[in-house]
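This report concerns only the one structure given below.
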Amino acid sequence: MQMLYPLNAIRLMLLIALSFLVLPAAYAAVDLDEGWEYRWGDSPLTDEGVPEWVLGQDTWQWSAISFPSNPPDRNGQEHVWYRITLPEGEWQEPVLYVYSVDLIVQVWLDGQNIYQYGTFDDQGRGRFEGWPWHAIPLPEEFDGKPIYFRIFSDYTDIGLWGEVSIMERPALTLFIVKNSLEALVISGFSALIALLAMIFALLQTEKKSFGSIALFSLSSAVMLLSDSQASQLVWNVPLMWDYLAAGSYYMLPVAMALLLEQWFSDHKPWLINLVWKLHLAYAVVAIGLALMGVVDLSSTYPLFDALLLASLATITVVVVKRFRQLKIEQQIILAAYGVFCSLLVVDMAVAHGVLPWGRVPVSWGTLVFSLAVVMISLWHYARTQQALHRLNLSLEQQVTERTQKAEALARREQARVRLLTFENEKTRVLNDINAELQNCISLNQTFHVLARRLPDLCSPLRGRLYQRVENGSAYELLTRWGYAGEPESPFRLETPEGPPPHSQVPARHIQDLDQQWSGWQKGEDGALCLWINLQSATEGSVTMALLFVEVPDEFAADGTDYGAARLFQALSQGVQKIGIALSSISLREELQKYSYEDALTGLKNRRYFDQLLEHESAVALRGDQPLSLLIVDIDHFKRFNDTHGHEAGDSALKAVAGMLARHFRDSDVVCRFGGEEFVIIMAGSSAKAAYDKARELARAVRTMTVEHGGFELGHVTISVGVSSWPECSDSPDSLLGLADRALYRAKEGGRDRVEIS
């Protein structure tokens, strides 16, 4: 008997290794999850001691059930029978596998008792014998025959539990090992954590939390090992394993409450103190009474589960109130404990039939707790090692740092003086370039200035300057410098997909002058590329020129009198300032294009309108913003001229123009389109907003009095056509034609009205 346990342990390890090599098909099983029937009570026996119910009589008294567990209408019944017809199949060594039974069972087939677990007395009752899994050998030619289960239980559950299936005996053994492997590994890991925590508790007696962690990890390890199905393969004494499982299960809240009591000792947590004392007393009394035979071990579980739920609720309330006061490592342990308890509660719900059967990975909760302890331990160890390392190096570092600081300060001061002188010279050159650019009338003139002065700004770097042509699809060479005696540079750069990437200065070069010239974004030829951009009112940001500069090796070497990064940064900022000057000249040119006014009304004229509409259409498309257009026509203006004269007609035009100018937003543009017609461009306005604005305008003009020569000439009315993109048109380019057709409808409809296309 003494050799049995080691031999079984060795056999289990071999089975674990074998379970990794077998194919999943080896676990093929036939699940018995349909065709079950049940019958309350116990069967009378024949003279030969065979239960009459297994003889197939009184079939009408059996009722169907989906799974042989906890039939309805128990009403205090302690005996139940189940039966099912076994399926057909080809088997070598078949066994009927049952995950567990509440509480003892006899199995009958063909009038023969083929399996029994527990002892039935004359009244068909018996004591709790544990919750093992069952492998019931099946005789030959069992196919198609009914099998009967006689069950006694004075527990809360009665019947089979978990899984019921037929499989080969070797496959069952591997199946058990495979399902238990996770729990065995995590149990061993938790036991190791418990051992280490116990050692620390002995070495550091002032830190009592190590003892509580050791108790919790040890209880978790024993519970997982005892609850694993593989424990029967090590030592087939189910009741002993159930005692170990119950004892370790009952000690879990004791360990955690002790840990919390130590953490909250400053607050005198009497509730936590009461929790661990109650659970400890229950564990001692329940296990003691069960060992003495006063109660069955199974009957101690329901009461403990109710007590555990109440304790978890109490602990949760206490922890939530003081959670933020805990250290980060304590919060992590509590979070891991919360995960473990959540899985434990789910497993409890499955065990009591609240939730349907399923394997709850309680071992993962133990693993999370163990990993949390390991990570916190490693974190503390790393911090301790870092502190020791810093302590060992502190004196040496202080001496080294002071020396380096003094030397670096001297070097930086010398470099700063040289760089300031150098940068001041570059600033003067840049100011001269900007002054010359301001005297240019057009952008074309600016490129002559840049071609002449950029070599001075870039010196001592050699480089090339390219000008944008063909709307950015190519750039042509303007000038180059510093390439004496070297091959010609490419005259034209084709850029159908845009200009080459703009080089950026890494931040470390700007912050540290001693950095080497490396890691920069260079072009294919090793040159750095800078974009000379300008902001255009019509095209947005446009790269008008490309500046390529190259850094000689001797210039970029350590110890040079110049700071390559600082020079390039200053050059990049200078290029940006040049871009601002070019943007100003471009804007001035564009404003000159649009500076056309109607002499009579002071509004913009038709030419300005045509150019602006094209611009606003492009902006609307690019920004996906609405664009509305109004055409206004003075009704019967020819009749007004014939009646009052052309000078009075001019006064009417001025009055309407003034009303238009006052009526619209600053962002709206009002133009005289020709004769008595006006157009208004409303960028960003929807069709409804434009239509409402037009109706307000019509009402305002209708009430306006036209005066000329000191006399009131009466009132005029207007007709308005409105169009808007994208509500009324697929393209902003068609807005003018749509608005004109809407105006025509307004006139045909009787004038003094607004129509929208």
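Surrounding CZ of F637 are more than 12 heavy atoms belonging to other residues, nucleotides or ligands, all under 6.0 Å away. Q438 CD: more than 12 foreign heavy atoms inside a 6.0 Å radius. Around atom CD of Q398, more than 12 heavy atoms belonging to other residues, nucleotides or ligands sit under 6.0 Å away. Within 6.0 Å of CD in E497 there are 12 or fewer heavy atoms belonging to other residues, nucleotides or ligands.
In plain terms, the two heavy atoms of P500 and L546 that are nearest each other are CD-CD1, 3.7 Å. Pairing each heavy atom of C728 with each of L738, the nearest pair is O-CD1, 3.5 Å. In plain terms, the two heavy atoms of V720 and V722 that are nearest each other are CG1-CG2, 4.1 Å. In terms of heavy atoms, V706 sits closest to S651 at CG1-C, 4.4 Å. When every heavy atom of N533 is checked against every heavy atom of S583, the shortest pair comes out as O-OG, 4.4 Å. Closest approach of S729 and S731 over heavy atoms only: OG-O, 2.5 Å.
Separating the CG atom in L612 from the CZ atom in R607 is a distance of 14.0 Å, to the nearest 0.5 Å. In this structure, CZ in R753 is found 13.5 Å from CD1 in I718, a value given to the nearest 0.5 Å. One distance of note links CD1 of I433 with CD1 of I578; it measures 5.0 Å at 0.5 Å rounding. With values rounded to the nearest 0.5 angstrom, S617 atom OG is found 5.5 Å from L627 atom CG. The CD1 atom of I580 lies 8.5 Å from the NZ atom of K577; values are rounded to the nearest 0.5 Å. Note that CZ of R665 is 5.0 Å distant from CE of M682, once rounded to the nearest 0.5 Å.
For the salt bridge (charged side-chain N to carboxylate O under 4.0 Å, His left out) test, residues two or more places apart in sequence or in another chain that qualify with E470 are R492. Under the ring-ring contact (aromatic ring centres under 6.0 Å, His included) criterion, W531 pairs with H502, not counting sequence neighbours. Remark: R662 engages no residue in a side-chain hydrogen bond (donor to acceptor under 3.5 Å, both in side chains) (not counting sequence neighbours). In this structure, the salt bridge (charged side-chain N to carboxylate O under 4.0 Å, His left out) partners of D610, at least two apart in sequence or on a different chain, are R606. Considering only residues two or more places apart in sequence or on other chains, F673 meets the ring-ring contact (aromatic ring centres under 6.0 Å, His included) condition with F609. Residues that satisfy the salt bridge (charged side-chain N to carboxylate O under 4.0 Å, His left out) test with K654, not counting sequence neighbours, are absent from this structure. Under the side-chain hydrogen bond (donor to acceptor under 3.5 Å, both in side chains) criterion, S724 pairs with S628, E727, sequence neighbours left out. Qualifying salt bridge (charged side-chain N to carboxylate O under 4.0 Å, His left out) partners for D692, counting only residues two or more places apart in sequence or in other chains: K688.
Side-chain contact between I532 and T543: absent, with no pair of heavy atoms (C-beta onward) separated by less than 4.5 Å. The shortest side-chain heavy-atom distance between L530 and S572 falls under the 4.5 Å cut-off. In this structure, the side chains of E677 and L743 come closer than 4.5 Å at one or more pairs of heavy atoms. The shortest side-chain heavy-atom distance between T400 and Q397 does not fall under the 4.5 Å cut-off. Looking at R672 and N605, their side chains never come closer than 4.5 Å, going by heavy atoms from C-beta outward. For the pair E476/Q467, no side-chain contact is recorded, criterion being any heavy-atom separation below 4.5 Å from C-beta on.
Sorted by first and then second residue, the pairs that involve residues 443-466 and meet ring pair (Phe, Tyr, Trp, His ring centres under 6.0 Å), not counting sequence neighbours, are Y466-F548. Within the structure, the ring pair (Phe, Tyr, Trp, His ring centres under 6.0 Å) test picks out the following pairs touching residues 643-670 (sequence neighbours left out): F640-H644. Judged as a salt bridge (charged side-chain N to carboxylate O under 4.0 Å, His left out), the pairs with a partner in residues 433-451 (not counting sequence neighbours) are, in order, E436-R452, E436-R453.
Using a 4.0 Å cut-off between a side-chain N of Lys or Arg and a carboxylate O of Asp or Glu, R464 and E550 qualify as a salt bridge.
If you check the side chains of S719 and D635, you find a donor sitting under 3.5 Å from an acceptor.
Panel note: side chain D740, backbone L736; no donor-acceptor pair is recorded below 3.5 Å.
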| Worked verdict on L613 versus V679 for side-chain contact (heavy atoms from CB on, under 4.5 Å) | CA-CA 10 Å; L613 179 60; V679 288; over 6 Å; no
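F678 pairs with exactly one of D633, L630, V656, I631 by the side chain to side chain contact (heavy atoms under 4.5 Å, CB included) rule, that one being V656.
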With a 3.5 Å cut-off and sequence neighbours excluded, list the donor-acceptor pairs that the side chains of residues 697-705 form with protein atoms.
residue, atom, partner, partner atom, Å
R702, NE, D752, OD1, 3.3
R702, NE, D752, OD2, 2.9
R702, NH2, D752, OD1, 3.2
T703, OG1, R699, O, 3.4
T703, OG1, A700, O, 3.0

